[in-house]
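For ligands, and for the atoms within them, numbers begin at 1 and follow the listed sequence. One-based numbering along the sequence shown. Just so it is clear, the model here is predicted, and its values are computed rather than measured.
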Amino acid sequence: MGEIRRVKGCCPLDCQDTCAWVAEVEDGRVVAVRGARDHPFTRGVLCAKVNDYEARTYAPDRLLHPLRRAGPKGSGRFERISWDEAVATIAARFGEIAARHGPEALLPHRYLGSMGVVQRRAPMRLFHALGASRLAGGICSVAAQAVAGEGFPLGFDPEDMAESRLVLLWGLNLLTTCHHHWHFVQEARRRHGARVVCLDPVRTRTARQCDEHVALRPGSDAALAAGMARVMLEEGLADLDYARAACADLDAFAALVAPWTPERTAEACGVAAETVLRLAREFAAARPAVIRAGVGPQQSAQGEAVVRLWHALAILGGHWRHRGGGVLVIATPGLEDMRADRADLIPAGASPRALDMARLGAILTDPAPDPPVKGLMVWGTNPAVVQPDAGRVRRGLAREDLFTVVLEHFLTDTARYADIVLPSTTQLEHFDILGAWGHQYITVNLPAIAPLGEAKSHGEVMRLLARRMGLGHPAMRESDEEIAASALPPGVSLEALREAGWVKRHKPPPRLEGAGLRLVRGDAVPLPAAPPAAGMLRLLTPKAHFFLNSSFANQPRQQRAEGRPTLHMAPADAAARGLGDGEAVRLRNAQGAIGATLRVSDAVPAGVVVLPGKWWSPPEEEGAVANLLCPPAWSPGGQPAYNDVFVEVIGAAAAPPAGAPRGASP
Ligand SMILES: Nc1nc2c(c(=O)[nH]1)N[C@H]1C(S)=C(S)[C@@H](COP(=O)(O)OP(=O)(O)OC[C@H]3O[C@@H](n4cnc5c(=O)[nH]c(N)nc54)[C@H](O)[C@@H]3O)O[C@H]1N2
Ligand SMILES: Nc1nc2c(c(=O)[nH]1)N[C@H]1C(S)=C(S)[C@@H](COP(=O)(O)OP(=O)(O)OC[C@H]3O[C@@H](n4cnc5c(=O)[nH]c(N)nc54)[C@H](O)[C@@H]3O)O[C@H]1N2
Ligand code: SF4
Ligand SMILES: [Mo]
């Protein structure tokens with residue numbers, strides 16, 4: 001046995017926890033990745049998805065060479081080509097498109113598949129230098145970001161949750177999606193006897209570990225918050241000095257929530273009036289309380305209203321005055337990673353249009369923007385699965401006149417539509433640095449091994465393409481380390497990071513006094529959307545325990561652990577439809593139809609069905625791509641409404657045979 005070499009790194013995935021890890025290398029091969037023991041957040045453990053990350057790197061179906069399409073788009077038929085040919089083809093096609101239709105006919109489309117500065121940002125330099133269409137919007141917590149734009153903070157240091165006296169886990173399945181936060185929740189229990197309440201329509205893994213589970217109706221969060229606020233105001237429990245110092249429209253807010261009596265709130269939310277009263281009183285009495293909120297309730301056309309009402313509650317309670325109090329949706333260490341995109345490379349005088357990434361289906365199909373998008377490069381996201389109206393995204397990707405390049409680890413549903421697929425390195429094979437969206441550490445990732453096959457980092461892809469396209473700015477020649485370093489905030493050096501593995505950036509909690517915040521905007525207390533037809537059920541599509549969005553859904557260990565695509569339904573709804581546990585069912589609506597296996601369960605309320613996970617749909621089998629059922633709907637701020645979906649559920653035997661509508665795969 002060779003000696004074990006230990007290499008500092010971190011998990012690249014789009015998760016609140018950004019764990020620091022140690023890769024163990026023996027004879028040139030990574031044999032294990034382990035959570036860094038001395039990292040205050042990781043505390044020695046990774047999660048059930050990632051604790052064998054090396055299996056992703058060495059997966060037999062990993063992409064290790066450039067590919068060119070050799071069959072219809074979507075079919076997954078490709079032939080191997082050299083890097084030289086791939087780069088020459090992309091440079092020629094992108095060049096032609098820019099010359100013929102203008103550079104705005106080129107569109108980068110990326111998300112957080114890897115949160116690394118290099119992997120996420122480097123290819124943007126090409127598009128900026130060309131004057132391509134810019135990318136705007138997002139597909140995750142857009143509602144919270146939109147409300148942050150109004151001046152409300154996104155959160156505070158989650159380690160301070162240990163000082164909370166009451167923790168409301170509001171639409172957050174913490175033990176599945178960010179389990180490292182649980183330590184600080186438990187600390188609050190140990191130190192202060194804090195109570196932990198889960199507000200979620202579903203009795204999740206997290207709900208089962210809390211002191212109380214409030215199973216409110218999906219989409220009724222704004223009503224519950226309004227009802228709680230009214231109790232606080234009526235009973236004189238609100239910290240009015242603080243609320244007046246922070247807000248410009250407290251009286252208007254009081255008028256807005258005045259009709260939300262406990263009885264009316266209870267009816268809207270499907271909980272007892274007594275629960276509304278008690279929650280409000282406890283929330284007002286705690287010094288402090290935290291609303292630790294997730295994305296589930298945001299992913300609705302009413303997302304911003306919900307976020308604003310969370311803030312209203314925290315402000316009324318005066319919770320921001322104390323360490324560990326307030327609203328916590330997102331925490332960051334303030335890495336300045338936008339800088340690594342180099343928007344300053346946009347040619348002088350040009351002002352390229354910005355297209356909302358969450359509307360890719362609409363952008364690629366009729367009526368197309370002018371000029372239409374003719375050249376697309378996708379990295380770090382799987383839009384054929386994760387975007388709303390995924391059927392339309394697939395129709396767009398299938399366009400013969402669209403030239404698509406996808407940078408990937410695997411032949412995902414999206415990569416199957418590419419003209420050229422480029423193999424990316426995994427986190428064990430490249431240098432990168434990461435910020436975070438759930439804590440305040442910046443973390444370094446050192447390469448543990450050389451790239452496998454012909455995989456390349458996204459910095460290298462950028463450099464190769466820039467050279468071939470004649471883009472000569474020095475920024476196009478920067479090394480991966482230089483690209484990463486360009487995002488570091490003052491006072492943090494790459495050397496220090498390499499040495500320590502991570503640095504914490506302590507940021508003081510936000511101060512809202514004098515902020516002049518406005519709590520009331522438009523229809524501020526929306527009610528749950530109503531089903532479009534009798535008998536339709538609301539479909540929630542939360543995160544799967546063993547997948548990270550659609551990542552890992554192709555890996556055997558995670559697949560086995562997650563099982564088959566499963567639709568959870570309340571016993572009364574199953575009985576009303578004559579459906580039994582374990583039965584094959586079909587979900588359908590005007591958008592499309594998919595199949596799943598039924599699980600009859602009292603963990604979900606009547607009227608609601610739950611299909612966890614984002615599943616692949618390779619051509620040879622029908623996958624449960626839930627977003628084929630998701631209509632094109634967004635909040636005013638651009639939040640995709642993934643959870644405002646209604647479906648009919650029938651036994652698969654009663655369903656029309658194959659060939660029936662299933663999204664729009666050609
Ligand atoms: N295992 C795992 N971990 C992940 C991910 C993953 O895919 N798998 N994804 C990562 C990403 S990208 C993100 S954004 C985070 C998300 O982390 P979370 O916010 O925890 O994720 P979700 O599962 O989307 O939503 C949380 C809960 O919201 C509930 N919910 C749905 N609608 C409503 C509603 O109207 N009101 C209320 N109160 N609750 C509602 C759902 O039942 C669900 O339990 O997790 C990250 N971590
Ligand atoms: N119905 C429904 N839809 C949803 C959600 C939901 O809860 N319900 N959640 C939404 C949310 S919160 C989010 S954040 C999005 C997530 O959507 P995405 O960001 O698209 O997440 P993934 O599906 O994991 O796709 C990431 C892709 O990046 C690839 N990748 C990872 N690392 C690298 C790398 O280093 N290089 C390259 N080239 N590729 C890499 C992975 O292989 C994977 O295919 O989905 C959204 N869509
Ligand atoms: S997915 Fe999240 S919890 Fe799992 S290892 Fe990565 S950062 Fe940690
Ligand atoms: Mo997300």
Ligand 1 N/O within reach of [X] N/O, cut-off under 3.5 Å:
X      : answer
Asp200 : yes
Gly294 : no
Gly219 : yes
Phe547 : yes
Gln299 : no
Thr176 : yes
Lys614 : no

- Message: I want to check a possible cation-pi pair here: Arg505 against Tyr441, using under 6.0 Å from ring centre and within 45° of the ring axis as the test.
- Response: no

For [Y], does its backbone N or O pair with a side-chain atom of [X] as donor and acceptor, under 3.5 Å?
X      : Y      : result
Asp413 : Val385 : no
Gln559 : Ala553 : yes
Thr42  : Gly44  : no
Ser164 : Gly324 : yes
Gln145 : Gly137 : no
Asn589 : Leu629 : yes
Ser141 : Val295 : no

- Message: I'd like to know: is atom 6 (Fe) of ligand 3 within the 2.8 Å range of an N/O/S atom from Cys19, strictly under that distance?
- Response: no

Protein heavy atom at shortest distance from [atom]:
atom                    : answer
atom 1 (N) of ligand 1  : Ala544 O, 2.8 Å
atom 40 (C) of ligand 1 : Pro201 CD, 3.5 Å
atom 38 (N) of ligand 1 : Asp221 OD2, 2.6 Å
atom 2 (Fe) of ligand 3 : Cys15 SG, 2.3 Å
atom 26 (C) of ligand 1 : Gly171 O, 3.2 Å
atom 12 (S) of ligand 1 : Asn549 ND2, 3.1 Å
atom 5 (C) of ligand 1  : Leu548 CD2, 3.6 Å
atom 21 (O) of ligand 1 : Lys543 CG, 3.5 Å
atom 10 (C) of ligand 1 : Asp14 O, 3.2 Å
atom 6 (Fe) of ligand 3 : Cys11 SG, 2.3 Å

Could you tell me whether [X] approaches ligand 1 through its side chain, its backbone, both or neither, with non-hydrogen atoms closer than 4.0 Å?
X      : value
Ala48  : neither
Thr204 : side chain
His545 : backbone
Phe552 : neither
Pro542 : both
Asn643 : side chain
Thr206 : neither

- His180 side chain to Arg43 side chain, donor-acceptor N/O pair below 3.5 angstrom: no

- Can you find a side-chain donor-acceptor pair between Arg56 and Asn554 that sits under 3.5 Å? no

- Query: Where do Trp634 and Val142 land on the side-chain contact (heavy atoms from CB on, under 4.5 Å) test, with the steps shown first?
  - Reply: CA-CA 10 Å; Trp634 301 268; Val142 183; over 6 Å; no

- Item | ligand 1 contacted by Trp437 (non-hydrogen, < 4.0 Å) | yes

May I ask which of [options] has a heavy atom nearer to [atom] than the others do?
atom                    : options                        : result
atom 1 (S) of ligand 3  : Met115, Lys49, Gln16           : Lys49
atom 14 (S) of ligand 1 : Gly303, Cys140, Ala293         : Cys140
atom 33 (C) of ligand 1 : Cys198, Ala222, Pro528, Pro297 : Pro297
atom 46 (C) of ligand 1 : Gln302, Gln16, Arg205          : Gln16
atom 19 (O) of ligand 1 : Leu175, Thr177, Val202, Val295 : Val295

Subset of ligand 1 atoms that lie under 4.0 Å from at least one heavy atom of [X]:
X      : answer
Trp170 : 38 (N)
Pro218 : 34 (C), 35 (O)
Lys49  : 1 (N), 2 (C), 3 (N)
Leu216 : 38 (N)

Under 4.0 Å between a side-chain nitrogen and a carboxylate oxygen: does that hold for [X] and [Y]?
X      : Y      : answer
Asp389 : Arg359 : no
Arg62  : Glu429 : yes
Glu304 : Arg308 : no
Asp341 : Arg120 : no

- Item | Euclidean distance, Cys198 SG relative to Asn173 CG, rounded to 0.5 Å | 7.5 Å

- For ligand 3, which atoms, with element, lie under 4.0 Å from some heavy atom of His180? 3 (S), 8 (Fe)

- Query: Relative to the heavy atoms of Cys47, which atoms of ligand 3 are at a distance of less than 4.0 Å?
  - Reply: 1 (S), 3 (S), 4 (Fe), 5 (S)

- Message: Can you classify the ring geometry of His39 versus His439 as parallel (below 30°), tilted (30 to 60°) or perpendicular (above 60°)?
- Response: tilted

- Note on the structure: Checking heavy atoms under 4.0 Å, the part of Thr18 that sits near ligand 3 is backbone

